[in-house]
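Quick note: numbers below take in every heavy atom, side chains included, and nothing from hydrogens, waters or symmetry partners. Whatever order the structure lists them in is the order used to number ligands and atoms, beginning at 1.
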Amino acid sequence: MEPGDEVEFYWRGARKKGVFIKEEGKYLIFKLENGYNVGFPKDEIENIKIISKRHVGKPKFHYKPEFREDLPLVGLAATGGTISARVDYITGAVTSEFTVEDLVNTFPEMREVARPKLKQISNIFSENMVPSLWKDIAREIYDLLKETEGVVVTHGTDTMHYTSSYLSFAIETGKPVVLTGAQRSSDRPSSDAAYNLISSLYVAGHSPLGGVFVCMHASSSDGRNAVHLGTRVRKMHTSRRDTFQSIGRDPVAFVDLEMRKGKIDRIDLEVLDPSFSRGDKLNLRNYVNENVGLVKYYPGMKREIFERFLFSHEGVIIEGTGFGHIREELIPIIEQATHSNVFVGITSQTIWGRTHPHVYSTAVRMAEAGAVFLEDMLPETAFAKLVWVMGFEKDLEKIKEHMLTNYAGEITERSGITWISSL
Ligand code: ASP
């Protein structure tokens, strides 16, 4: 019996049917008809019979680049994630192995909106993303932007908002850079990939926008996509298609898309915020300091852990409670750290709202200890920004100045305009 074989057997008198996955110690693991992966003790399995031999399910794609010359040239750079994944019917797991060419062949409708110039940057799930790879992505996008109308980057959704934040700082662009992904793999009929990909290509090729954006479903059904600002967006749900939400501001635009049987019937763009407009700027400011950390304060966090964390980095972003607090007992550690040249930035774990160094005495003391309250910057955005700033600046005062300069819409003028209840 080989992995992938369809089998039938008896276990404690009950008939079971499924696909053999692997042997693990005393167990044989099967994907059963109900879709679950279950292990059965070998010595309890009786009368096992192979119904059909292993079926290797990798779809065969033939990349035939036939594009309409009258459509805008758009970069399509793939980094991996569920949008590049398929269900592996041998192991039952989702693996990231669709190439960028496979994507084009799977969604031929995209040929009606743009002529994609393809680039495979990596093929990883985004939980495996690291800042040094952000740097490679920024460089590839910069090169693509020189010869295209805009660039779409396919990316895993888990850490897409970290990457979109870094790119917002690293690339100053008057053309759109649009990150997109999917919550369901591209080979599943329920996948959100097609709508996300086509809407993103439309924004990159045809919109009057410039800057770095995330374009994903605006609701749980197909048809409307939101274009979020890359520095004010966050993954807010583990599985919903509208997992990405703009925080503390509205989306920049919406795309309405109607598709039937692989044909686009209608595609429209509604721009809500024209301030991120197309232009000629193109600068690469690609700096990374990998010795920067992000930590969430929690009640009872151990002194030693906090101390170790601060002192093992050159700069740290803390997700404090409420307006940005930590336990008073830990404040002297911030003071020692800032005196040792460690940058300490404060954000809030409430996600919505603005940090404040004056409302409570705890915060006043944290600020006196040298902590920098980062307005309403999202924790992940503040982290990506510090990775960037500390890539070119070592002086604490100057780092503070950069961190509080609004480079890419990461700090809003006034928090609380939109709020979760309006989602
Ligand atoms: N874990 C996956 C990733 O971030 C999830 C996804 O792409 O939706 O790569």
Legend entry - Phe125 N/O under 3.5 Å from ligand 1 N/O: no

Legend entry - Atoms in ligand 1 flagged as close to Glu127, the criterion being non-hydrogen separation under 4.0 Å: 1 (N), 2 (C), 3 (C), 4 (O), 9 (O)

Legend entry - Min heavy-atom dist Gly80 to ligand 1 below 4.0 Å: no

Inset, instruction - With heavy atoms of Gly81 as the reference, note each atom of ligand 1 found under 4.0 Å away. - result: 7 (O), 9 (O)

Legend entry - His402 ring center within less than 6.0 Å of Phe392 ring center: yes

Legend entry - Heavy-atom donor-acceptor pair, Asp192 side chain to Arg184 backbone, under 3.5 Å: yes

Inset, instruction - Output the list of atoms in ligand 1 that are nearer than 4.0 Å to some heavy atom of Gln183, sorted by atom number. - result: 8 (O)

Inset, instruction - With the side chain counted from C-beta on, respond yes when Leu269 and Pro208 share a heavy-atom pair under 4.5 Å apart, and no when they do not. - result: yes

Legend entry - Polar atom proximity, Lys235 to ligand 1 (N or O, under 3.5 Å): no

Inset, instruction - Report yes or no: does Arg232 contribute a side-chain atom to a donor-acceptor pair with the main-chain N or O of Glu410 at less than 3.5 Å? - result: yes

Inset, instruction - Number the atoms of ligand 1 from 1 as they appear, then name those within less than 4.0 Å of a heavy atom of Thr82, with their elements. - result: 2 (C), 5 (C), 6 (C), 7 (O), 8 (O)

Inset, instruction - Verify the ring-centre separation between Phe9 and Phe40: is it less than 6.0 angstrom? - result: yes

Inset, instruction - May I ask you to check if ligand 1 and Thr159 share an N or O to N or O distance below 3.5 Å? - result: no

Legend entry - Pairwise side-chain contact, Val104 with Met110, heavy-atom cut-off 4.5 Å (strictly under): yes

Inset, instruction - Taking Asn225 for its side chain and Ser199 for its backbone only, find out whether a donor-acceptor pair lies under 3.5 Å. - result: no

Inset, instruction - Could you list the atoms of ligand 1 found under 4.0 angstrom from a heavy atom of Ser126? - result: 3 (C), 4 (O), 9 (O)

Inset, instruction - Could you please spell out the steps behind the salt bridge (charged side-chain N to carboxylate O under 4.0 Å, His left out) verdict for Arg224 and Asp242? - result: CA-CA 10 Å; Arg224 182 155 239 233; Asp242 54 354; over 6 Å; no

Legend entry - Closest approach of any protein heavy atom to atom 8 (O) of ligand 1, naming residue and atom: Thr157 OG1, 2.5 Å

Inset, instruction - Could you tell me whether His155 and ligand 1 have an N or O pair separated by under 3.5 Å? - result: no

